[in-house]
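Reviewing the structure listed below.
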Amino acid sequence: MFGRGLKTLSLITVALIVGAFAMVFFYAPNDADQGFIQKIFYLHVPLAIVALFGFVAGGVYGIKYLRTGDRLHDLRSYVAIHLSLILAVGALVTGSIWARGSWGVWWTWDEPTLVSFLIVFLLYACYQPLRFSIEDPERQARYAAVFAIIAGAFVPLNFMAVRMAESLVHPRVLSTTGGSMPSDMRITFLVSTVAMACLFITLWKYELASKHATFRLRALKRRLADGEDAWTPNPRRSAAPTL
Amino acid sequence: MRSAVGALLRKDLLLQRRTPEAVPAMVLFSIGTFVLFHFALDEREVTGNLASGILWVTLLFAAVLGINRLFVSEREEGGFDGFLLAPVDRTSMLVAKAILLFLFLSVVEVFVLAAFTILLLGPSPWGPLPELILVLALANAGIAVIGTLVAALAIQTRARDLIVPLIALPLSVPLVIAAARACAPLLTEGGAGALEARWLAILGLYDLVFGLLAYAIFDFLLEE
Amino acid sequence: MPALPLDEAGKYVAAAYLVFLALVLIYVAIMAGRLARVERDLGEITDLLEQRTAEAEDDERETVPR
């Protein structure tokens, strides 16, 4: 059910990622100011953008869950936030490496986007502990959806507040809006972002398919083992939603 | 709805009057934090950015204490069941609790501001008092709204006292940024600087967005 | 900010891209673990099913009158 089209999607993703990385290293020119190190930009920024969109998507599925009560929406929301957290770790680490390379420090508070991203990450890092500490699965899904919606609305507000707080914005070679980027850099950046988005969607569908298959398998096992002594409740508790 | 909010508010205020629990704890905690700041920073007097930052971090941590206790009586004494059985709009609980938290914070701030002035603050805060009250009121509204949401979210979980600060602190970062930056020129030595409108705008926007959001989704936190 | 020479910058760029690669690979490893669990569950179910059919056949044989 969730696995449909996954193969095609995976192939497209592989092609796009390989293409994007090839463009990064062979097509896009070296940045006039920052030089070779600016190549991290094509990895770091798409990671961050896709993670943020994933967080917001988690909120949107949270709304859908609250409106319909369909547990699959809860699963979608959970997987989206879960994957976004992984991408966010990647964005923070690559951003830190970039900062070390070009400014000589592992962390800088002058970069509003980086700081807001850390705050958003800290907030979403509570998502799994929150789920984990609620036992009733129906309530867990409901509360997680509420959290996802609150946090989803928080993302843009937070970015606005932090950006305003930093009156001194670092002299940026590249504005992420792409206004001042040379066209070949912009195309490379766009392809990288699309590739990262495709990777996200592929992994999202992949994980959904995997989780869904596991649930059905477990349900089957329970039905088969019904009436026998061999039945044991799921020994491992997890924060993941159950169907 | 208004009568339901009024009834809930009266109940909570009565409880607070009979066994004052949250407000004294918050005030004591704040004063203790000021003493800690004095020794940790080794400063006799603070001004400007530093003063504003200390004030807001302290207030926020004190608010977390209040948020933690906000629904405890409902949970432990079965107040939720009684409320859910009553034929009233569920959002009235949100409104009542948010108003209650706002009142708590306001009362706490009266004492905390006085203590801050005596203990740590260099310049007198009486000159820019109206502006200060405006910022405090706007920030209180924001803390009250997200505090009520977070408290309702956390009250049914096993790790309530962990969840509240973990979620409330990142959520209130924009509030602290705006409030602390807005207060900084007001607490500067030698004539208060002007209040910057953009911080008030951020505070107002925050209150508005989370107010509407809380109004829309609070129902889902109470359903049994 | 003067541009870093290529050999300096190369290290950082390589590190960043390796982080990405490592993340994806860790993800694959976790999914592999899950796949192994699914396989084990599936094996248990198959065993259970075979056991049941065997029992059912035994029952049938015994109930047949001689």
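Throughout, a chain's letter reflects where its sequence line sits, starting with A, and its residues are numbered from 1.
Looking only at distances, a side-chain donor or acceptor of R142(A) sits under 3.5 Å from a matching main-chain atom of F220(B). Y206(B) contributes no side-chain N or O that, together with a main-chain N or O of L157(A), makes up a donor-acceptor pair within less than 3.5 Å.
Listed here is the closest heavy atom pair of P170(B) and F154(A): O-CZ, 3.2 Å. The minimum heavy-atom distance linking Y143(A) with Q156(B) is given by the pair OH-CG, 3.1 Å.
The contact list for residues 142-155 of chain B toward chain A, using heavy atoms and a distance under 4.5 Å, reads L149(B), A152(B), L153(B) by residue number. Residues of residues 120-128 of chain A lying under 4.5 angstrom from chain B, judged on non-hydrogen atoms, are L122(A), L123(A), C126(A) by number.
Contact of F218(B) with chain A is not made at all, since no heavy-atom distance falls under 4.5 Å. For chain A, the nearby part of L213(B) is the side chain; its heavy atoms alone come within less than 4.5 Å. Heavy atoms of A159(B) lying under 4.5 Å from chain A belong to its backbone as well as its side chain. Both the backbone and the side chain of L171(B) come within less than 4.5 Å of a heavy atom of chain A.
The closest side-chain heavy-atom distance from I150(A) to F210(B) is below 4.5 Å. Between I163(B) and S133(A) the shortest side-chain heavy-atom distance falls below 4.5 Å.
Listed by first and then second residue, the side chain to side chain donor-acceptor pair (under 3.5 Å) pairs that reach into residues 195-204 of chain A are T13(A)-T202(A), sequence neighbours excluded.
Considering only heavy-atom pairs separated by less than 4.5 Å from chain B, the leading option among D136(A), I149(A), I63(A) is I149(A). For the set L175(B), V209(B), L205(B), I202(B), the count of heavy-atom pairs under 4.5 angstrom toward chain A peaks at I202(B).
Atom CZ of F53(A) is surrounded by 12 or fewer heavy atoms from other residues, nucleotides or ligands within 6.0 Å. Counting non-hydrogen atoms of other residues, nucleotides and ligands closer than 6.0 Å to OH of Y206(A) gives a total of 12 or fewer. The neighbour count for N49(B) CG, taken as heavy atoms of other residues, nucleotides or ligands under 6.0 Å away, does not exceed 12.
Remark: E207(A) pairs with K211(A), Y27(C), R34(C) by the side-chain hydrogen bond (donor to acceptor under 3.5 Å, both in side chains) rule, at least two apart or across chains.
Expressed to the nearest 0.5 Å, how far CE of M160(A) lies from CD1 of I177(B) amounts to 11.0 Å.
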